*Asks:* 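Below you will find the structure I want to go over with you.
These values consider heavy atoms only, across backbone and side chains, with no hydrogens, waters or symmetry-generated copies. Whatever order the structure lists them in is the order used to number ligands and atoms, beginning at 1. Bear in mind the structure is a predicted one, so any value in this text is a computation, not a measurement.
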Amino acid sequence: MLLPAVLLLAAAVQASSVDSLYPNLTDASVITHPTYDPIPKGAKHESRTQPTDGSYNYCSMPHPSVSFYQAPEPVRNGTANATLSAVVYVQRHQKRTAYHIYPYGEDQVYDCTDVHPSGTISPANNSLAQPAQVYAATFVDDQNPLNQYFTKSTCQFPQMTIGGFLDGVQHGQELRALYGDKYHVIPSEYSAEKVWLRSSTATLTQNSAAGVVRGLWPDINSPVALHQESGNIDSHEPSCDRADALLSAAKSAPAWNHHLNVSADLRKELEGMLFTNNSDWRKDWDHYNDNFQARLCNGYPLPCAQDNSGKCVSNDQAASVFAAGDWEYNYYWVDRENVTEAIQLTSGLYIADLLKQVQDIASGKSSLTYVHNFMHDGDMGPLAGSLGIKSLRWPGMASNIAIELWKSGSATYVRVLYGGSTIRSRFGNMEWMALDQFVQIWSRFVPHDFVQQCAQPL
Ligand SMILES: *[C@@H]1O[C@H](CO)[C@@H](O)[C@H](O)[C@H]1NC(C)=O
Ligand SMILES: *[C@@H]1O[C@H](CO)[C@@H](O)[C@H](O)[C@H]1NC(C)=O
Ligand SMILES: *[C@@H]1O[C@H](CO)[C@@H](O)[C@H](O)[C@H]1NC(C)=O
Ligand SMILES: *[C@@H]1O[C@H](CO)[C@@H](O)[C@H](O)[C@H]1NC(C)=O
Ligand SMILES: *[C@@H]1O[C@H](CO)[C@@H](O)[C@H](O)[C@H]1NC(C)=O
Ligand SMILES: *[C@@H]1O[C@H](CO)[C@@H](O)[C@H](O)[C@H]1NC(C)=O
Ligand SMILES: *[C@@H]1O[C@H](CO)[C@@H](O)[C@H](O)[C@H]1NC(C)=O
């Protein structure tokens, strides 16, 4: 009976790969006793040597790919005669160096001599002089006395790494193979009538777009518009006093304090080794995650003690750090009290932008068939929460949401993917949902009067 056993095994592997996106993060005991392997796996260059199977991979999250993509069930089983008409896609930028280095000295030397970052400017009128190409070459000066607090790194933290750039190109190639070659919503040549790209104002998301766009259209040789709102009013992260107040309240709630208590011993051990005993590092588990993620995703080891004792952060300690990061994301965007209002006031204006695009495309008012946004983990978290995700681990590098619009006769259906597989949502079956129902669900997260709501004290 060899064949059935093999089939069973294949089915089990298939199921468990997507399960890795949804561990149960409700109970803070997951921090001291992780029920899954939370440790990021990465290398300096491309982080993936083989096609992904849809499982969680912090350093390069799964995305829609012919290697595991499945059409929606009613299309697969012949119940619906529908064609994919458009995709609205949002992703976090690809992998990078760290934001947070140790306050009393960072020992890890990061090497960025293998990438040339740049922010260029050129006249829109190409009859005028065009720019010479320059790039940022970060150098180390031994004469600078401040060097003692820093490594001899040749990176501008948190710059994108060579692996991040290459992963972006591959990400674009795989999207094109699926949504271009197979489903024809990504046109084979870039066209402003069909394609609209947006990023945050950060260099990271622009660098990410540069790699992904190369993968989407390998032969493109004219500049492409990457739409941005003015940083002062950018709807993807507007300032809002009440959102800040909700966050403070969430960070003094019993569940939050309990998770800090559960992880207090770990914190003490790490402070002894890394001299991270300042308030910024103590308020949550963000900085440890960021610093350890950047190391592991780019081929550097976990840190060793700064006192030359030879002790290094163990795998068990790191696993708890990463599980704590996952717990915090799930708390912020799934489990905390007032989560709906918190999402509204954090990402509601951005959700309104995306909803309008979805509706305009569905009604035929817009000719777009492909929209691609380059954003941050701080966007992916609330967006996934607004779509009712059942459990949310830290949205890793290049984590992504795809909103697919399927046309069947005159009706439009929505299918929502997270990490390339249908999102497991508390709000209904997002494998196949009538457009109106989807719009109704998502609209709950659009603030009715943002300015007035933000001014209300808690
Ligand atoms: C997750 O764990 C909590 C606490 O242990 C439990 O109450 C809950 O039912 C679990 N949820 C799922 C979906 O298994
Ligand atoms: C096809 O899938 C739909 C949606 O999941 C389901 O309702 C229907 O029963 C399935 N039909 C067949 C023939 O399997
Ligand atoms: C499915 O829809 C297409 C396009 O509207 C049509 O040409 C085709 O005949 C339909 N197929 C079935 C099986 O209904
Ligand atoms: C572009 O620059 C050329 C050369 O200076 C000028 O003749 C032309 O009017 C400019 N075009 C626009 C649209 O400004
Ligand atoms: C939740 O909202 C209510 C009503 O505005 C408020 O009284 C309460 O303090 C909030 N709690 C948290 C943790 O946000
Ligand atoms: C956390 O620990 C502190 C100090 O030991 C204690 O006062 C507090 O009640 C604990 N909080 C929770 C939620 O366990
Ligand atoms: C952190 O620890 C170092 C070394 O023990 C000490 O010099 C420093 O004052 C401490 N800083 C804080 C904010 O506690």
*Asks:* Counting heavy atoms only, name the option from Ser127, Pro123, Ala124 that's nearest to atom 4 (C) of ligand 4.
*Replies:*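 Checking each option, the heavy atom nearest atom 4 (C) of ligand 4 is found in Ser127.
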*Asks:* Starting from atom 12 (C) of ligand 5, what is the nearest protein heavy atom, named by residue and atom, and what distance separates them?
*Replies:*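 Atom 12 (C) of ligand 5 sits closest to the protein heavy atom Asn338 ND2, 3.0 Å.
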*Asks:* How far apart are the closest heavy atoms of Leu458 and Arg242, and which atoms are they?
*Replies:*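 For Leu458 and Arg242, the tightest heavy-atom pair comes out as CA-NH1, 3.4 Å.
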*Asks:* How close do Arg336 and Ala250 get, counting heavy atoms only, and between which atoms?
*Replies:*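 Shortest heavy-atom separation between Arg336 and Ala250 comes out as CD-CB, 3.7 Å.
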*Asks:* Determine, counting only non-hydrogen atoms of the protein, whether one lies under 4.0 angstrom from atom 7 (O) of ligand 5.
*Replies:*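 Neighbour list for atom 7 (O) of ligand 5 is empty of protein heavy atoms (cut-off 4.0 Å).
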*Asks:* So is Lys251 touching ligand 5 or not, going by heavy atoms under 4.0 Å?
*Replies:*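 False for this residue.
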*Asks:* Can you tell me which residue and heavy atom of the protein come closest to atom 5 (O) of ligand 2, and the distance to 0.1 Å?
*Replies:*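 Sorting protein heavy atoms by distance from atom 5 (O) of ligand 2 puts Glu73 OE1, 2.5 Å first.
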*Asks:* Compare every heavy atom of Pro238 with every heavy atom of Ser235, then report the nearest pair and how far apart it is.
*Replies:*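 The answer is O-CD, 3.3 Å.
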*Asks:* N/O of Glu341 under 3.5 Å from N/O of ligand 5, yes or no?
*Replies:*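 So ligand 5 has no N or O lying under 3.5 Å from an N or O of Glu341.
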*Asks:* Please step through side chain to side chain donor-acceptor pair (under 3.5 Å) for the pair His171 and Gln94, ending with a clear verdict.
*Replies:* CA-CA 9 Å; His171 193 131; Gln94 264 73 23; 3.1 Å; yes
*Asks:* Out of Asn77, Val75, Asn429, whose heavy atom is nearest to atom 11 (N) of ligand 2?
*Replies:*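 Answer by nearest heavy atom: Asn77.
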*Asks:* Heavy atom to atom 13 (C) of ligand 4, shortest distance: which of Asn125, Leu128, Asn126 holds it?
*Replies:*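 Among Asn125, Leu128, Asn126, the closest heavy atom to atom 13 (C) of ligand 4 belongs to Asn125.
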*Asks:* Would you call the rings of His116 and Tyr135 parallel, tilted or perpendicular if under 30° counts as parallel and over 60° as perpendicular?
*Replies:*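 Aromatic pair His116/Tyr135 classed parallel.
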*Asks:* May I ask you to check whether Trp281 and Tyr102 place their ring centres under 6.0 Å from each other?
*Replies:*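 Ring centres of Trp281 and Tyr102 closer than 6.0 Å.
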